[in-house]
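Let me begin by presenting the structure, written as structure tokens, before commenting on it.
The analysis underlying the following values was restricted to heavy atoms, covering all of them including side chains, and did not include hydrogens, waters or symmetry mates.
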Amino acid sequence: MLRIHDTRARQVEEISGGRAVRVYTCGPALHRRVHLGDLRAYVLSDLVRRVLEGRRTRVVACRHVADLGGPGGHARAHEEAFVDDAAALNLRPPEHAPRAGETVDLMIELIAGLVERGHAYPAPDGSVYFDVRTFPAYGDISGTRLDDLKPADPTDPTDAADPHRRFHADWALWRPADGDQGRDAPWGRGLPGPHVACSALSLRFLGERIDLHVGDAARCFPHHEAERAQSDAATGHEVVRHWVHGERPLFDGREMAESAGDAVLLSDVVAAGLDPLAARLAFLGHRYRERLDLSWDVLRAADRTVRRWRARVAEWSESPSAPMASSYAERVGAALDDDLDTPGALAVLRELELDESVAPGSKFETFLHLDQVLALDLSTEIGKPRVPPAGAGELLAQRERAVAANDWAAADRLRDELSDLGVRVTDTPEGQSWAL
């Protein structure tokens, strides 16, 4: 059974599934394009789902669409781009994908319930605030306590306190807003606060008992703290059993900014001639709680591995069928069950690839079986004619000439260059042969 690190419990815990495991993931902010820094969390959520389903556990997933409150006209385009990215990364669509803009009534209902229970209060300007001091468990996930949150400095005009809040750490559940996006509510026309949608929609579509909340560590505070406080205060009990957070990756040692002006998009990866699933493999190459530092070199190396494995699977598919290499499959499964040790799982696959004692047909069955979790489309080259990658044809010709001239130093150098492209060269009495 899957064991995974629970951020709130601060330890690895077993995920015990009943009839179904309910998983919630916050939708991406749609005020900008989603970049690689954001996408790692969604690959994590998809991996959790695939590992559970591989253990014959039914998963019901919800990921909302955060289309409310952003710049007009951009949210839908950014949403469509995210849907394309999700498909390119083989993310399984959630069973529920409610739009925040179409479900404001659920948020108003939640806010009204919090006011009624004494966990929220209306302000004279039409705002409604969550009264954080009524929720003593605030900070359990991130470790950030109310005493750590300093009140605003009244002498600093850039840090002015909100005059309508009773306590400096209270946050807005409802804010006055005019214009097309504003909605009518008992407190006046406005919009829900930034944390309300996740509470309201997860409760509506997954119920009051959610097994897993998977997300980006950057959202742990304040978003997930506020979400937990709202949901638990509304229901009177702990709603989420396990909180799982993945670290946000860097790129060339730098944070990918919220503005995404200098961030790398998945479309940039494709424009560079790389397979989008190279990004997925690059994510899987590190533990999800590690601060992965992406680079173009890392992505190119992952791209070579994806293409090589697809070529090997196609090659093995032409061999006689053989049972799956169960010992290798079990080792991969054990690594994934151990807090999603994806680097360990990939190391086992590389070992299997090179193990000459395992029949090709057995490698074929094992790689395809494990690809149900890895989701790297390893079967796509089956039945296709073998075509060397760009640049390999000229290198092969150069090597043939070097061998004919007995220039073995050049031949060895060219063999290494071809290996970097994923082309394996073998010298035979009839001349050199190659395989991907």
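A donor-acceptor contact shorter than 3.5 Å links the side chain of Asp371 to the backbone of Leu376. Distance alone, capped at 3.5 Å, places no donor-acceptor pair between the Arg399 side chain and the Glu394 backbone. In this structure, the side chain of Thr305 engages the main chain of Ala301 through a donor-acceptor pair within 3.5 Å. Panel note: side chain Arg92, backbone Asp46; no donor-acceptor pair is recorded below 3.5 Å. Between the side chain of Arg166 and the main chain of Asp131, no donor-acceptor pair closer than 3.5 Å is present. Between the side chain of Asp211 and the main chain of Arg22, a donor-acceptor pair closer than 3.5 Å is present. Side-chain atoms of Arg183 come within 3.5 Å of backbone atoms of Gly101 as a donor-acceptor pair (strictly under, hydrogens ignored). Proximity of a side-chain donor or acceptor of His64 to a complementary backbone N or O of Gly27 within less than 3.5 Å is detected. Put simply, the side chain of Ser231 never gets that close to the backbone of Arg228: no donor and acceptor are under 3.5 Å apart. Checked by atom type and distance alone, the side chain of Asp338 never pairs as donor or acceptor with a backbone atom of Ala335 at under 3.5 Å.
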Exercise. Decide side-chain contact (heavy atoms from CB on, under 4.5 Å) for Arg145 and Asp140; before the verdict, give the C-alpha distance in whole Å, the side-chain angles of both, and the deciding distance to 0.1 Å.
Key: CA-CA 8 Å; Arg145 298 299 178 182; Asp140 281 357; 2.8 Å; yes
Self-check item: Verdict with supporting geometry, Arg40 and Arg248, side-chain contact (heavy atoms from CB on, under 4.5 Å)
Solution: CA-CA 7 Å; Arg40 189 186 192 191; Arg248 176 173 286 252; over 6 Å; no
Practice problem: List the steps and the verdict of side-chain contact (heavy atoms from CB on, under 4.5 Å) for Val214 and Tyr288. | Solution: CA-CA 11 Å; Val214 183; Tyr288 70 95; over 6 Å; no
Quiz item: What's the verdict on salt bridge (Lys or Arg N to Asp or Glu O under 4.0 Å) for Glu95 and Arg49, showing C-alpha distance, side-chain angles and the deciding distance?
Solution: CA-CA 12 Å; Glu95 281 70 19; Arg49 174 175 191 151; 2.5 Å; yes
Quiz item: side-chain contact (heavy atoms from CB on, under 4.5 Å) between Cys26 and His213: does it pass, once the steps are laid out?
Solution: CA-CA 8 Å; Cys26 302; His213 192 303; 3.7 Å; yes
Exercise. Could you please spell out the steps behind the salt bridge (Lys or Arg N to Asp or Glu O under 4.0 Å) verdict for Arg99 and Glu79?
Key: CA-CA 11 Å; Arg99 293 180 178 280; Glu79 178 193 350; 2.6 Å; yes
Quiz item: Could you go step by step and tell me if Tyr121 and Asp170 meet the side chain to side chain donor-acceptor pair (under 3.5 Å) rule?
Solution: CA-CA 10 Å; Tyr121 55 91; Asp170 294 347; 2.6 Å; yes
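Interatomic distance, Leu274 CG to Arg304 CZ, rounded to the nearest 0.5 Å: 9.5 Å. Between the CG atom of Leu281 and the CG atom of Leu346 there is a distance of 6.0 Å, given to the nearest 0.5 Å. Rounding to the nearest 0.5 Å places CG of Leu39 at 10.5 Å from CG of Asp216. The distance from the CZ atom of Arg331 to the OG atom of Ser326 is 11.5 Å, given to the nearest 0.5 Å. Taken from CG in Leu266 to CG in Asp268, the straight-line distance is 8.5 Å, to the nearest 0.5 Å. In this structure, CD1 in Ile210 is found 6.0 Å from CG in Leu203, a value given to the nearest 0.5 Å.
Atom CD of Glu109 has 12 or fewer heavy atoms from other residues, nucleotides or ligands within 6.0 Å. A 6.0 Å sphere centred on CD of Glu116 holds no more than 12 heavy atoms belonging to other residues, nucleotides or ligands.
Side-chain atoms of Leu44 and Glu247, non-hydrogen and from C-beta on, never get closer than 4.5 Å to each other. Counting heavy atoms from C-beta on, the side chains of Leu374 and Thr342 never come closer than 4.5 Å. Put simply, the side chain of Tyr42 reaches to within 4.5 Å of the side chain of Arg63, judged on heavy atoms. Contact check for Phe251 versus Leu299: side-chain heavy atoms found under the 4.5 Å cut-off. Between Arg241 and Ser16, the closest side-chain pair of non-hydrogen atoms falls below 4.5 Å. Using a 4.5 Å heavy-atom cutoff, the side chains of Asp232 and His237 are not in contact. The shortest distance between side-chain heavy atoms of Val59 and Val48 does not fall below 4.5 Å. Using a 4.5 Å cut-off on side-chain heavy atoms (C-beta onward), Val65 and Phe82 make no contact.
Salt bridge status for Arg312 with Glu315: present, with a side-chain N to carboxylate O gap under 4.0 Å. Taking the charged nitrogens against the carboxylate oxygens, Arg3 and Asp339 have no contact shorter than 4.0 Å, which rules out a salt bridge. Under 4.0 Å is where a charged nitrogen must lie from a carboxylate oxygen, and between Glu353 and Arg350 no such pair does. Look at Arg32 and Asp38 and you find a salt bridge, because one of the NZ, NE, NH1 or NH2 atoms lies within 4.0 Å of a carboxylate O, short of that distance. A salt bridge links Arg287 with Asp341: the closest approach of a Lys/Arg side-chain nitrogen to an acidic carboxylate oxygen falls below 4.0 angstrom. Note on Arg413 versus Asp416: no salt bridge recorded, every NZ/NE/NH1/NH2 to OD/OE distance being 4.0 Å or above.
His242 and Glu13 are linked by a side-chain donor-acceptor pair at a separation below 3.5 angstrom, with hydrogens and angles left out of the test. No hydrogens or angles considered: a donor-acceptor pair under 3.5 Å links the side chains of Asp377 and Asn90. Tyr328 and Asp355 form a side-chain donor-acceptor contact under 3.5 Å, judged by distance and modelled atom types alone. Side-chain contact annotation: Ser142 with Glu225, donor-acceptor N/O pair under 3.5 Å present.
Just one of Met107, His195, His119 meets the side-chain contact (heavy atoms from CB on, under 4.5 Å) condition when paired with Gln230; it is His195. Checking Leu68, Leu110, Leu106 one by one against Val196, the side-chain contact (heavy atoms from CB on, under 4.5 Å) holds for a single residue, Leu110. When the options Phe130, Phe221, Phe135, Tyr129 are evaluated for a ring-ring contact (aromatic ring centres under 6.0 Å, His included) with Trp171, the one that passes is Phe130.
Looking at every heavy atom in both residues, Cys198 comes nearest to His223 through SG-NE2, 3.3 Å. Pairing each heavy atom of Val23 with each of Ser45, the nearest pair is CG1-OG, 4.3 Å. Counting all heavy atoms, side chain and backbone alike, Arg175 lies closest to Pro192 at NH2-O, 3.2 Å. Annotation for Gly253 and Asp293: closest pair N-OD1, 2.8 Å, computed over non-hydrogen atoms. Of all heavy-atom pairs spanning Phe283 and Leu36, the tightest one is CZ-O, 3.6 Å. Between Arg55 and Gly333, the closest heavy-atom pair is NH2-O, 3.2 Å.
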